[in-house]
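Reviewing the structure listed below.
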Amino acid sequence: MTHQFSPLTKEQKKELHEIALRIVSPGKGILAADESIGSMGKRLNQIGVENTEENRRLFRQVLFSADDRMDNCIGGVIFFHETLYQNSDDGAPFVKMIKDKGITIGIKVDKGVVPLPGTNGETTTQGLDGLSERCAQYKKDGADFAKWRCVMKISDTTPSNLCITENANVLARYASICQQHGIVPIVEPEILPDGDHDLKRCQFVTERVLAAVYKAMFEHHVYLEGTLLKPNMVTPGHSSPTKYSPEEIAMATVTALRRTVPPAVTGVTFLSGGQSEEEASIHLNAINNCMLVKPWALTFSFGRALQASALKTWRGQRENEAAATEEFIKRAEACTY
Ligand code: 13P
């Protein structure tokens, strides 16, 4: 029995469900701007910009200073810890800028991946220590949802049972801690697109992983209506010799979700996982047009697929800021449905 000892009051559940619904209200998705300092370093390096706190702030400002066209397609923005406490050039806190647009604030709370000894290079995600205290503080500082990312890879020997069970459990434990603090957890079990596997294999692995995640969520008494799932789309491996149409990818993705994700989950917000900006929006559109019955909102929580053109246009130059912001809005508008 899930709620035998009522981990949440009626009011807490109502708040969580309303936050989740707001983030994925029709036509809206999530801007994932929560790259860690290391990941931002990789992005800035591609455009020859030094990875300093100021440059990271300037690029986030390019995104957050978009006009009200952003409000129509973005329901939530995920921040990294540093960004939550930064201001725009004129001293306005980023949190206030985003909230004033009616957009919900999220925060990445995991602390990255660590090896699982005895596996073929597999990982789990750390960050449970002190998570309850950090969630309480982030809620006070304006965050209403959180993200925790686990990573799995497809090969002949992976993902292993250990990797699947460990990552499902840590995601469920994180989700239950967030909910105690009025924070909607985004549950992200990412299966990487590296490899030469075909679409069927990715679908099978995705089903196996999601089935384990929802078993663990049940056992941890997580209130599903107050959660969002952030999965990979079901795609062939990057080096797969076989290519598939957007309709085939959509059918495989929706089929995998229908078999494993309870209808009580409020929304599914896909990651872009290294797809090009165009591919990611075409696939999302095909997923929404798939004729199978879809009981959840299906939308985006893209990082690279919303930011790649903006980053290239910006190149760290003040005079490119406005044009870069336009590129971001263009991508966000291409993703709405
Ligand atoms: P991508 O869309 O670039 O995969 O990033 C989304 C994300 O937040 C991964 O955790």
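First listed ligand is number 1; within each ligand, the first listed atom is number 1. Numbers here are sequence positions counted from 1.
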Any carboxylate oxygen within less than 4.0 angstrom of a Lys/Arg side-chain nitrogen, looking at Glu188 and Lys147?
yes

Geometric cation-pi criterion, Lys108 with Phe80: 6.0 Å, 45°:
no

Considering Gly106, Ala305, Gly303 one by one, which has a heavy atom nearer to atom 5 (O) of ligand 1 than any of the others?
Gly303

Identify, by atom number and element, the atoms of ligand 1 in contact range of Lys147, meaning under 4.0 Å from any of its heavy atoms.
7 (C), 8 (O), 9 (C), 10 (O)

Can you find a non-hydrogen atom of Gln307 under 4.0 Å from ligand 1?
no

Nearest-option assignment for atom 6 (C) of ligand 1, heavy atoms, candidates Lys230, Arg304, Gln275
Lys230

Find all atoms of ligand 1 within a distance of less than 4.0 Å from any non-hydrogen atom belonging to Glu188, and give their numbers and elements.
9 (C), 10 (O)

For a salt bridge (charged side-chain N to carboxylate O under 4.0 Å, His left out) check, start with the C-alpha distance between Glu35 and Arg60, then their side-chain angles and the critical distance, and finish with the verdict.
CA-CA 10 Å; Glu35 295 84 357; Arg60 261 71 188 245; 3.0 Å; yes

Short list, please: which atoms of ligand 1 are under 4.0 Å from a heavy atom of Phe302?
2 (O)

For ligand 1, is any non-hydrogen atom under 4.0 Å from Ala32's backbone (N, CA, C, O), its side chain (CB onward), both, or neither?
side chain

ILVMFWY cluster, Val268 and Leu31 together (side-chain gap under 4.5 Å)
yes

At a non-hydrogen distance cut-off of under 4.0 Å, which region of Asp34 contacts ligand 1 (side chain, backbone, both, or neither)?
side chain

Proximal atoms of ligand 1 relative to Ser272 (non-hydrogen, under 4.0 Å):
1 (P), 2 (O), 3 (O), 4 (O)

Going by the atom numbers of ligand 1, which of them fall below 4.0 Å from some non-hydrogen atom of Gly273?
1 (P), 2 (O), 4 (O)

Is there a side-chain contact between Arg134 and Lys111 in this structure, where contact means two heavy atoms from C-beta onward sitting under 4.5 Å apart?
yes

For Ser301, state whether at least one heavy atom is located under 4.0 Å from any atom of ligand 1.
yes

Option passing ring-ring contact (aromatic ring centres under 6.0 Å, His included) with Phe94 (candidates Tyr85, Phe64, Phe79)
Phe64

Could you tell me if the ring centre of Phe270 sits under 6.0 Å from that of His283?
no

Consider every N or O of Arg43 and every N or O of ligand 1, then say whether any pair is closer than 3.5 Å.
no

Check whether any side-chain heavy atom of Glu82 lies under 4.5 Å from a side-chain heavy atom of Glu53, and answer yes or no.
yes

